[in-house]
Undergrad: 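Let me give you the structure first, and then I'll get to my questions.
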Protein chains: 2
Amino acid sequence: MRGVQLKTVATGARPAFADTIIRGDCVAALEQLPAHSIDVVFADPPYNLQLEGGLTRPDQSVVDGVDDAWDQFASFEAYDAFTRAWLLAVRRVLKPDGTIWVIGSYHNIFRVGTMLQDLGFWILNDVVWRKTNPMPNFRGKRFTNAHETMIWASRGPKSRYTFNYEAMKAFNDDVQMRSDWLIPICTGSERLKDEAGDKLHPTQKPEALLARVLLASTEPGDIVLDPFFGSGTTGAVAKRLGRHYVGVEREEAYIEAATARIAAIETAPAAALQLLKGKKAEPRVPFGALLERGLVQAGAILSAANGRHQARVRADGSVESGSHSGSIHKVGALVQGLDACNGWTFWHTHVDGRLALIDTLRQQVRDEMAVAGG
Amino acid sequence: MRGVQLKTVATGARPAFADTIIRGDCVAALEQLPAHSIDVVFADPPYNLQLEGGLTRPDQSVVDGVDDAWDQFASFEAYDAFTRAWLLAVRRVLKPDGTIWVIGSYHNIFRVGTMLQDLGFWILNDVVWRKTNPMPNFRGKRFTNAHETMIWASRGPKSRYTFNYEAMKAFNDDVQMRSDWLIPICTGSERLKDEAGDKLHPTQKPEALLARVLLASTEPGDIVLDPFFGSGTTGAVAKRLGRHYVGVEREEAYIEAATARIAAIETAPAAALQLLKGKKAEPRVPFGALLERGLVQAGAILSAANGRHQARVRADGSVESGSHSGSIHKVGALVQGLDACNGWTFWHTHVDGRLALIDTLRQQVRDEMAVAGG
DNA sequence: AACACTAGTGAATCCAACA
DNA sequence: TTGTTGGATTCACTAGTGT
């Protein structure tokens, strides 16, 4: 099901709203999109910072806090109502197997997380963005606020969501990617500036953060929605990685800047966008195929690595061991007294007097199939 | 079995309930305490894990999940009611300038944080406990759940709470203590065992975690309340650091074990507290971090020193060379026909027309990361 | 004594394709 | 929709045993 949609998108038949920025209020704008049309949502909503009075550094210079009108809410109730409204709007356009990311700080993320759960989303992970270079706590009254939190959730408990496990593992030097990511904040040339040379947007996110998000949870050709598009980091990274984006943004100045920013981005070559896939993505080879190709003979004896278990291959591709019979997996489980067993990585054949794992024979078949397939 | 007797700490009069464990339900037990009598609360409430079915490791061994009755709630509403009740009970006994710590995971921490805000608490920080040795994700479906979250809050926005800024800074090699703490889980001899040699309590917290909490937010002689006392880590660390504790616990077995545990603790001389400093290991830098920082581009060609092998970098941090693909290490091994290869000291990039070992790029990143503590 | 090897385990919301 | 089955999937650390 998913693969069909993916191919459609990849061949150019993508919806008209792909790679556009919709100007307007988040909820109203999302009503223009068809239901179940979005693969992944990345949302960076207002944090509802409650700053009272100005903050100064030890040298009395003024800290440029986030005090924009869009970040002001009268109460927690007002913020909850706002959160509920945009999450419901997003939920409508999200595909059943889609996922959503929301980033926030302790000011708002707990309310967002609660609302996500209340609306039926199923939290998959909370991911901590650890900043290499956070703003210090100038007054020495708290711990340096050195991280932000992202919640990653599927639309519901049974969703079959996309997670590029092998790619993340390779990215992380062959150990599983953890839920804490160390990434610098957005500074220097990456940070968009206005005419006066000041930062254009108060909370521009680093492209590295979005890149990891999209590499983990999308495939090339997927459509990513950002309902608080701002300076367009989501769109820029989506384009660079060969994904499509849809942005919603209220302020014209941000839309203009984001449009110019994204126009300057080049999509990486297709070869570089190939995602590392695990064994699950490889074609299934039944054990019987090994018999058909003569790699295993009917009547041959399979052995466990420790020599404790043996089984005889039957002509139909099943095996038997004592009173047990069935697939290589079933018999492997039975002789060990386990609930399950991967027969491919349990049984060995005798080749030239030595034991060889039958999984290596399967790989031979797969290699032959790859050649035949082109 | 109402409590334990401890030596009087030389800070003057202390209430009768100091250094005792109250048996019973959290809310009912707290009614026995006078209002505004507690300096700091540390709470490790049930996480409301919603586990369905069993989970096995790749070797088919069974994962011992938390399925205790105290962690079962009928719904989010039931969990919220529970949370509200114990937070209100705790709020009554907390001093006006006191603070509260609550630890949790993504299953419950968002609901706890929302309730804290709704009841008038003022969040000071959310602190991430990064585990050095978390349980892996056995099925490869999510990111390794490698952290838990603590919320630190004062009783209200105007509280004049205790934060030992200088002590934390000294603890952290003279840079401000950040909101992400790297601490191992509780294992080995620190982990309490039952008669059968199995873990006594399913969720015993490490003493190092509590030590940092108490050193940051209490003064010697303060009274620390733990409404879910369990195996008594809070009491043990409080005693060792010269603080007083009050515990509430329902299960007699835990009370007995905690009592014995605390009795064996000796309060440390102040000078010894410096020993809590931990050494920082050299941070591990995955290959993907070089892409994130733009030191290597997707599509770039890596070469072996002898020029015999080349590989193309993909956006997800994997590389491909002919029919081989995977991490820099795996592909390095495959192209050489070896079992293993250190990709860092094998592959080179082209920088200004010359070959540069990618290991030197790693060192650049490491230098940037040093401040963030790995 | 030092090292090698095996076995065990930790707050976990952990499968997918097919009949 | 439900049940069956093929077969994919782990990191850091401790403790114990054997050489």
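Quick caveat: nothing in here was measured; it's all calculated off a predicted structure. Order of the sequence lines sets the chain letters (A, B, ...), proteins ahead of strands, with each chain counted from 1.
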Undergrad: Answer with base, sugar-phosphate or nothing: what part of the nucleic acid does B/Pro206 contact at a heavy-atom distance below 4.0 Å?
TA: nothing

Undergrad: List in chain and number order the residues that pass ring pair (Phe, Tyr, Trp, His ring centres under 6.0 Å) with B/Phe73, two or more places apart in sequence or in another chain; answer none if no residue qualifies.
TA: B/Tyr79, B/Phe82

Undergrad: Could you run through DNA chain C and flag its stems, i.e. three or more consecutive Watson-Crick or G-U pairs with both distances under 3.5 Å?
TA: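 Result, WC/G-U stems under 3.5 Å: C:2-10 with D:11-19, C:15-19 with D:2-6.
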
Undergrad: Is a donor on one side and an acceptor on the other found under 3.5 Å between the side chain of B/Arg191 and the backbone of B/Cys186?
TA: yes

Undergrad: Take the protein atom CG of B/Asp64 and the nucleotide atom P of C/dA12, then report the distance between them rounded to whole Å.
TA: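 Rounded to the whole Å, the gap is 9 Å.
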
Undergrad: Taking atom P in both D/dT9 and C/dG10, what distance in whole Å separates the two?
TA: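 About 25 Å, rounded to a whole number of Å.
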
Undergrad: Is it the case that the side chain of B/Trp129 and the backbone of B/Ile183 share a donor-acceptor pair, with hydrogens and angles ignored and the cut-off at 3.5 Å?
TA: yes

Undergrad: Determine all donor-acceptor pairs shorter than 3.5 Å in which one atom belongs to a side chain in residues 332-344 of chain A; sequence neighbours excluded.
TA:
residue, atom, partner, partner atom, Å
A/Gln336, NE2, A/Gly332, O, 3.0
A/Asn342, OD1, A/Trp344, N, 3.0

Undergrad: Can you tell me the distance, in whole Å, between the CG atom of A/Leu334 and the C1' atom of D/dT5?
TA: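 Spelled out: CG on A/Leu334 to C1' on D/dT5 is 13 Å.
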
Undergrad: Can you name the residues that form a side-chain contact (heavy atoms from CB on, under 4.5 Å) with B/Ser75, not counting sequence neighbours?
TA: B/Glu77, B/Ala78

Undergrad: In residues 320-333 of chain A, which ones come under 4.0 Å of DNA chain D, going by heavy atoms?
TA: A/Ser327, A/His329

Undergrad: Quantified in whole Å, what is the C1' atom distance between nucleotide D/dG7 and nucleotide C/dC14?
TA: 15 Å

Undergrad: Could you run through nucleotides 8-14 of chain D and give me one letter per nucleotide, 5' to 3': B if any protein heavy atom sits under 4.0 Å from the base, S if only the sugar-phosphate is that close, - if neither?
TA: BBBBSSS

Undergrad: Do the rings of B/Trp181 and B/Trp101 sit parallel, tilted or perpendicular, given the 30° and 60° boundaries?
TA: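 Tilted, since the angle between the ring planes falls between 30° and 60°.
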
Undergrad: What's the NZ-P distance between B/Lys141 and D/dG7, to the nearest Å?
TA: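 Rounded to the whole Å, the gap is 16 Å.
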
Undergrad: What residue pairs, at least two apart or across chains, pass side chain to side chain donor-acceptor pair (under 3.5 Å) with a residue in residues 63-72 of chain B?
TA: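 Passing the test, one end in residues 63-72 of chain B: B/Asp64-B/Lys199.
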
Undergrad: Rounded off to whole Å, could you give me the CG-to-C1' distance for the A/Asp339 and D/dG6 pair?
TA: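 My rounded result for the distance is 15 Å.
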
Undergrad: With sequence neighbours excluded, tell me which residues meet ring pair (Phe, Tyr, Trp, His ring centres under 6.0 Å) with B/Tyr47.
TA: none

Undergrad: What residues, two or more places apart in sequence or in another chain, satisfy side-chain contact (heavy atoms from CB on, under 4.5 Å) together with A/Lys277?
TA: A/Asn164, A/Glu219, A/Leu275, A/Ala281

Undergrad: For A/Trp347, which contact category applies under a 4.0 Å heavy-atom criterion: base, sugar-phosphate, or nothing?
TA: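 No contact at all - A/Trp347 keeps every heavy atom at 4.0 Å or more from the nucleic acid.
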
Undergrad: Can you say whether a donor on the side chain of B/Lys199 sits under 3.5 Å from an acceptor on the base of C/dA11, or the other way round?
TA: no

Undergrad: Holding to side-chain contact (heavy atoms from CB on, under 4.5 Å), I want the full list of residues that pass it with A/Ser327, two or more places apart in sequence or in another chain.
TA: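 Checked A/Ser327 against side-chain contact (heavy atoms from CB on, under 4.5 Å); matches are A/His329, A/Lys330.
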
Undergrad: In whole Å, I'd like the distance from the CG atom of B/Asp194 to the C1' atom of C/dT9.
TA: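 About 14 Å, once rounded to whole Å.
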
Undergrad: When all nucleic acid strands are considered with a 4.0 Å heavy-atom cut-off, which category describes B/Gly53: base, sugar-phosphate, or nothing?
TA: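 Counting heavy atoms under 4.0 Å across all strands, the contact made by B/Gly53 includes a base.
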
Undergrad: Not counting sequence neighbours, which residues clear ring pair (Phe, Tyr, Trp, His ring centres under 6.0 Å) with B/Phe138? List them please.
TA: none

Undergrad: Quick one: B/Asp67 CG to C/dC14 P, roughly how many Å, whole number?
TA: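 So the two atoms are 14 Å apart, to the nearest Å.
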
Undergrad: Mind calculating the distance between CG (A/Asn125) and P (C/dA11) to the nearest angstrom?
TA: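 For the pair A/Asn125 CG and C/dA11 P, the rounded distance is 17 Å.
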
Undergrad: Reckon A/Leu124 touches a base, only the sugar-phosphate, or nothing at all at heavy-atom distances under 4.0 Å?
TA: nothing

Undergrad: List for me each residue that meets side-chain contact (heavy atoms from CB on, under 4.5 Å) alongside B/Ala236, sequence neighbours excluded, and say none if there are none.
TA: B/Glu207, B/Arg261, B/Ile262, B/Ile265

Undergrad: Can you measure B/Leu49 atom CG to C/dG10 atom P for me and round it to whole angstrom units?
TA: 14 Å

